[in-house]
Every structure is written in C-alpha cells, then in structure tokens.
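Every chain is numbered from 1, with letters handed out A, B, ... down the list of sequences. Reckoned from all heavy atoms, side chains included, excluding hydrogens, waters and symmetry mates. Here the structure is a predicted model, which is why all the values come from computation and not from measurement.
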Amino acid sequence: MPEGHTVHRVARLFGALFVGRTIEASSPQGRFSQGAASISGRSIVAVDAVGKQLFMDLDNDLIVRVHLGIYGAWDVTTHPDNAEVAQVLTSLGAPRSRARRFGEWEGDHDAPDVFPPPPVGQVRLRLVADDVVADLRGPTACEVITREQADAIRHRLGPDPLVMTGARGQRVFTERLLATKRPIGLVLMDQSVVAGIGNVYRAEILFRHRLDPYRPASAHSPEVAGALWKDWGSLLRDGIATGVMLTRDDLSPSERKKALRSAQNRHWVYKREGKECRVCGSVVAMDVMSARKLYYCPSCQAS
DNA sequence: TCACAATGAACAA
DNA sequence: TGTTCCTTGTGAC
C-alpha cells in the first residue's frame, strides 16, 4: 500500500489528529532516539505529502521526513474518547493483517487496558498527543531535517497531481516523460518524473492505456502523456478517498463495492501472471524489470 | 522453524 | 546490474 495514495491519507489523518497539538516523541526501538528527542515536546504545525514522502513540520523549524519504503507502516490508535475522527485508520502502509483499535480488540484477551498501549514490534518512532498514538515501523527513511533540506527533497521530486495542480503538472510531467528513451515502464516509476506511482499503479496505468512497457518513453505523443497524467490524478484521488488501489474501471457499482472490501479482482494485470487477460483472454505476463516485477498483457499492450 | 516475498530506493561498480 | 537496508506475515516443512 505505500504508494502515493497511502502517504496522502496519512498526511490527511495526521492533519486532523496532530496538527496544532504538542506531541511526545520517542523511539521505543532506539534507532531514532536522538531525532525523537529533538522534536519531543514541540507542536506539529503542518503535515503534508509529496509523492511517497511525508513531511511533518514542527514549531522549532525542524521537519520530520518519513518514507515508508516497501515495509513501512503507521499504526494509529486513538483513545475511545477521541472525537476528532469518526474512524481510526490502522496499518497505513505495508499490508498488515491485524488492524487494531484501542478498546475494540474482539476476542483478544491480550488487549491492553492502558493508553497508550505498549509498543508492538520494532517501533522506530512513536508520536503521542494525549489521546492519539501513532507508531511507525520499518520505514526506509525517518529523519529530522531543516527547511532547506526539505525544500531540496521537494525540488528533486517530479510533479504530484495533488501538489502541482492545474496545467503545470501535466506540462512538467509531459516534458520529463518525453525527454528520455528509457522504457516507459521504468520511467513511470521514476519519482523525479512523476511522484507517487509505485509498482501497482505502474502496471495498471500502462494497461489502462494499452501501452507497451518496453516502448521508449520518448516515442509517445504529448496527447498520450496528457492522458496518463490525468489518469494518474484520478486514480490517486480515488485511492485517497477509498484507501484502496482499485484500478479497474469496468466494474458495476456492486462489483466495485465488493472489490473495495475483498482485495480480490481489483486489478487488470497486477499479480495476475499466468491468468487470462480480462480483456483479450491471453495470458498475463510477468517480467523482472530493474529488480521489480512488471505485469502486463503482451497482446493488449503490444506496440 | 525457516525461507521468502512485499505497494522502494540508495548506493557501488 | 547487483547489493543492501528496513520489518512483518505467510506458507511450506
């Protein structure tokens, strides 16, 4: 799940739960003790996401940057009295089967009766604001940086449809996409070309536009680039709204509702190698491209 | 109990 | 292109 939509959801949730509040920060695991100490007791003034990067601004001009990578995830638990959010989101990030909510462990006699509950596993960073706790595990990056350093990171990222809105985002994306002869399947994953797309969205977007992943990015028209940009924007917004990467647009409303819950039948080609293409019936392929699994339909996506 | 995969990216060579 | 780092859950034994 840690593609762009997840990080925007975290930013949105943290905006509601933490912004304007004083936080106690710690590193139960110990690997971020110094960083936690430098922000503990401060208040969070803003949280925002660019691509897969999360930035939390503190009132002492320091910024916490978090990148979940493949494994990273946030677990957020609220005290039952917290009324800020109607529904608490847990396990935001890498797939975790066990979603927990304080006071709502069904059939779990080990449920803690204290708040905040004791950290479970390798918690790099714990943020507590009296009635809400967020635990971060397994991030690729978690560091305290300056405004200048944060700006440098933002600058090297490609456009994110929710950050660079309007025509400018499409223009920058199109320029960068068409400027390279590298396979388009690689370029869509390049965070300096477009921010937030990961392995699932990469495969699904290419299929939705019936594009050959191996075709040079530069071989495409500005019109195709524009369509890709708009599609990524709508997929991202939908992913943020639902919390799910549901990339099929051929489902009936009831099928869609089911797919949002079941984790089955959400994708055109992702993790469907060896199965029949939903459009043409030929066998979905899987190649390893630059150490990542690339799923595609060799027939629908032939150039 | 153990190997392995996983929605990522930095780095070396 | 290959290696390394980060952590957890699963499915095979």
side-chain hydrogen bond (donor to acceptor under 3.5 Å, both in side chains) evaluation trace for Y296(A) with D212(A): CA-CA 8 Å; Y296(A) 65 103; D212(A) 178 354; over 6 Å; no
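- At least one side-chain nitrogen or oxygen of Q191(A) sits closer than 4.0 Å to the OP1 or OP2 atom of dA9(B).
- Remark: C1' of dG8(B) and NZ of K293(A) are 15 Å apart, rounded to the nearest angstrom.
- Side-chain atoms of R137(A) lie closest to dT7(C) of the nucleotides dA6(B), dT7(C), dG8(B).
- Residue V76(A) is tested with L92(A), L127(A), V10(A) for a side-chain contact (heavy atoms from CB on, under 4.5 Å); the sole match is L92(A).
- Distance CH2 (W232(A)) to P (dT7(B)): 15 Å, rounded to an integer number of Å.
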Run the side-chain hydrogen bond (donor to acceptor under 3.5 Å, both in side chains) test on H8(A) and D160(A) for me, step by step, so that the C-alpha distance in whole Å, both residues' side-chain angles and the decisive distance to 0.1 Å come before the verdict. CA-CA 11 Å; H8(A) 280 284; D160(A) 174 325; 2.8 Å; yes
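- One interatomic measurement links the two molecules: CG of L294(A) to P of dG8(B), which rounds to 13 Å at whole-angstrom precision.
- Ring centroids of F207(A) and H267(A) are separated by 6.0 Å or more, keeping the two rings apart.
- The CZ atom of R124(A) sits 13 Å away from the P atom of dC5(C) (whole-angstrom rounding).
- A donor and an acceptor atom, one from each side chain of Q122(A) and R137(A), are nowhere located under 3.5 Å apart.
- Summarising the geometry, the separation between NZ on K271(A) and C1' on dC4(B) is reported as 12 Å, rounded to the nearest angstrom.
- We find that CG of L157(A) is positioned 12 Å from C1' of dA9(B), with the value rounded to whole Å.
- Under 4.0 angstrom from either OP1 or OP2 of dA9(B) there lies at least one side-chain N or O belonging to K52(A).
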Taking Watson-Crick and G-U wobble pairs with both distances under 3.5 Å, convert DNA chain B into its dot-bracket string, 5' to 3', dots for unpaired and | for cross-strand pairs. ||||||.|||||.
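- The side chain of R156(A) lies closest to dA10(B), out of dA10(B), dT7(C), dG8(B).
- At a threshold of 4.0 angstrom between heavy atoms, the contacts of R31(A) are confined to the sugar-phosphate backbone, with no base atom among them.
- Side-chain N/O atoms of H67(A) include one lying less than 4.0 angstrom from OP1 or OP2 on dA9(B).
- Residues satisfying the ring-ring contact (aromatic ring centres under 6.0 Å, His included) test with F14(A), not counting sequence neighbours, are F18(A), W74(A).
- The side chain of Y270(A) approaches dT7(B) more closely than any other nucleotide in the set dA9(B), dT7(B), dT7(C).
- Cation-pi geometry between R272(A) and Y295(A) is not met at under 6.0 angstrom from the ring centre and within 45 degrees of the axis.
- Within the cation-pi definition used here (under 6.0 Å to the ring centroid, within 45° of the axis), R248(A) qualifies as a partner of W268(A).
- Using C1' as the reference atom, dT8(C) and dA10(B) are 22 Å apart when rounded to the nearest Å.
- Regarding contacts with the backbone of dA9(B), every side-chain N or O of R292(A) stays at 4.0 angstrom or more from both OP1 and OP2.
- dT4(C) and dC4(B) have their P atoms separated by 16 Å, with the value rounded to a whole Å.
- Nucleotides dG9(C) and dA9(B) place their P atoms 22 Å apart, quoted to the nearest Å.
- Straight-line distance from the CD1 atom of I153(A) to the P atom of dG8(B): 18 Å, rounded to whole Å.
- For the pair R65(A) CZ and dG8(B) C1', the interatomic distance rounds to 12 Å; values are reported in whole Å.
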